[in-house]
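One structure is given below, encoded as structure tokens.
Throughout, residue positions are numbered sequentially from 1 according to the sequence presented. All ligand and atom numbering here is 1-based and tracks the order in the structure.
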Amino acid sequence: MSKEKILEVKDLAISFRTQQGVLQAVRGINFELYKGETLAIVGESGSGKSVTSRAIIGILAGNSIHAGGSIYYYNSGLKKFKQEHVEDSQGQEEEDVIDLMKIDEEDFHKLRGTKISMIFQDPMSSLNPIMKVGKQISEALYLKLGLTKEQAKERAIELMREVGIPEPEKRYYSYPFQFSGGMRQRIVIAIALANDAEILICDEPTTALDVTIQAQILELINRIKKERNLSIIFITHDLGVVANMSDRIGVMYAGKIVEYGTVNEVFYQPKHPYTWALLSAMPDLDSKDKLFAIPGTPPDMHFPPKGDAFAARNKYAMKIDFEEQPPMFKVSDTHFAATWLLHPDAPKMDMPEGLKARIERNKALTKEEV
Ligand SMILES: Nc1ncnc2c1ncn2[C@@H]1O[C@H](COP(=O)(O)OP(=O)(O)OP(=O)(O)O)[C@@H](O)[C@H]1O
């Protein structure tokens, strides 16, 4: 995997004005995205995954407040900016970095739907219901890449073939409602490819599909990622989906990233009790154990807790968890977790025995498959 950074989310904070006051949806998150990698962001409903991805693509709701932080896009070719965090190192003035939270509408239009594309759970939300799908793909090519109408049509048919639409010459003239959910999601992917996107944000793209179709769409996303060196942000509440298709995972809880690391680190050496809970709640075909449900509910983000937001649901919580927010502790060069359990003075606490046994079983299974 190349290590060319394409995106850097820095101390990003997004709130919303609501009738009950200000809701703090994203509370200072940090992550990087590299070229050609898939970063999964997982967490329960309401943890701030969608708000994060909507901030990146610039489609936050009107009542949102940019409470702080930046989203740096590297080498967009759009402009040369000098940003605070790169000022002091030598030669950085030359770097092409833009802050997506600061650029104007016109520049954002050049990026959204072109360099950055998004696939949603419901493909209909990205498609025009009364326009033939072929036209929707070729329009992207025609408007944004300056091809002639004939060239655009030819290319659109090629793209339909590339994403696995059978008989693309014929289906070019069909309307979205004439396709199944899985096929519609393929059309949305074809539009993203038509735009030559560099970053593809997938927000629960397979949640509404049945399992077989889900696997096919995941396979397609994986294939185009490899073929085009795409960078993917994959948002899901389902850890099972990302196990086989992400390079790194960020676990979100109550508007913060509480743990991130490579897929192996998060699956095999999880450190945050919330990650333990998420992993324990994953259905496991080989286990006869009763499925673990995470007790309690996430906090009301109008009044985020003072300490570790997971403390109230965490049976391993210590006094300090209710009083002070834990910093990100480094586990390895690629693995970090925000839990006081990693403080050198904390009592030695390992993951639950049941989870440890599951992990060992899964490791053994993976070895068998190799
Ligand atoms: N326009 C809005 N106005 C008020 N609150 C909002 C708005 N959009 C999102 N929120 C709130 O922000 C928080 C984070 O929402 P977000 O959609 O990012 O969660 P999520 O992790 O993506 O969950 P889901 O999987 O359900 O989409 C939630 O509490 C949500 O209710």
Checklist line | Donor-acceptor pair, side chain of R184 and main chain of F179, under 3.5 angstrom | finding: yes
Margin query: Under 4.0 Å and counting heavy atoms only, is there anything from the protein next to atom 30 (C) of ligand 1?
Written below: no
Notebook entry, point to check: Going from NZ on K102 to CG on D99, what distance comes out if it is rounded to the nearest 0.5 angstrom?
Noted result: 5.0 Å
Notebook entry, point to check: Is the side chain of W276 donor-acceptor paired with the backbone N or O of P270 at a distance under 3.5 Å, no angle test?
Noted result: yes
Checklist line | Top protein contact for atom 11 (C) of ligand 1, by heavy-atom distance | finding: L23 CD2, 3.7 Å
Margin query: Suppose I only count heavy atoms of V51 and a 4.0 Å limit; which atoms of ligand 1 are within that range?
Written below: 9 (C), 14 (C), 15 (O), 16 (P), 18 (O)
Notebook entry, point to check: Any N or O of F16 that comes nearer than 3.5 Å to an N or O of ligand 1?
Noted result: no
Next item on the list: Could you list which atoms of ligand 1 come closer than 4.0 Å to a heavy atom of A61?
Entry: 1 (N)
Notebook entry, point to check: Between OH of Y274 and CG of L279, what distance do you get to the nearest 0.5 Å?
Noted result: 10.5 Å
Check: Side chains of T275 and E259: donor-acceptor distance under 3.5 Å anywhere?
Finding: yes
Notebook entry, point to check: If you measure from NZ on K363 to OH on Y268, what distance do you get to the nearest 0.5 Å?
Noted result: 7.5 Å
Notebook entry, point to check: Looking at atom 27 (O) of ligand 1, what's its closest protein heavy atom, distance included?
Noted result: S50 OG, 3.3 Å
Item checked: Proximal atoms of ligand 1 relative to N63 (non-hydrogen, under 4.0 Å) -> 1 (N), 2 (C), 3 (N), 4 (C)
Next item on the list: Anything under 30° is parallel, anything over 60° is perpendicular, the rest tilted; go ahead and classify F310 against Y253.
Entry: perpendicular
Notebook entry, point to check: Are any of the N/O atoms in G48 less than 3.5 Å from those in ligand 1?
Noted result: yes
Margin query: For atom 12 (O) of ligand 1, what is the closest protein heavy atom, and at what distance to 0.1 Å?
Written below: A25 CB, 3.3 Å
Note to self: Between T206 and L209 (side chain of the first, backbone of the second, donor and acceptor by atom type, cut-off under 3.5 Å), is there such a pair?
What the structure shows: no
Notebook entry, point to check: Do S47 and ligand 1 have an N or O pair less than 3.5 Å apart?
Noted result: yes
Check: Judged by non-hydrogen atoms, does G43 sit under 4.0 Å from ligand 1?
Finding: no
Check: For atom 23 (O) of ligand 1, which candidate among S64, A55, G46 holds the nearest heavy atom?
Finding: G46
Check: Which ligand 1 atoms, with their elements, are less than 4.0 angstrom from a heavy-atom of S45?
Finding: 23 (O), 24 (P), 25 (O), 26 (O)
Checklist line | K49 with D203: basic N within carboxylate O range, under 4.0 Å | finding: no
Next item on the list: Using distance alone, decide if ligand 1 has a nitrogen or oxygen within less than 3.5 Å of any nitrogen or oxygen in K49.
Entry: yes
Note to self: So if I count the atoms of ligand 1 from 1 in the order they appear, which ones are less than 4.0 Å from some heavy atom of E44?
What the structure shows: 21 (O)
Notebook entry, point to check: Any donor-acceptor pair under 3.5 Å linking the side chain of Q151 with the backbone of T148?
Noted result: yes
Item checked: Short N or O distance, T18 and ligand 1, threshold 3.5 Å exclusive -> no
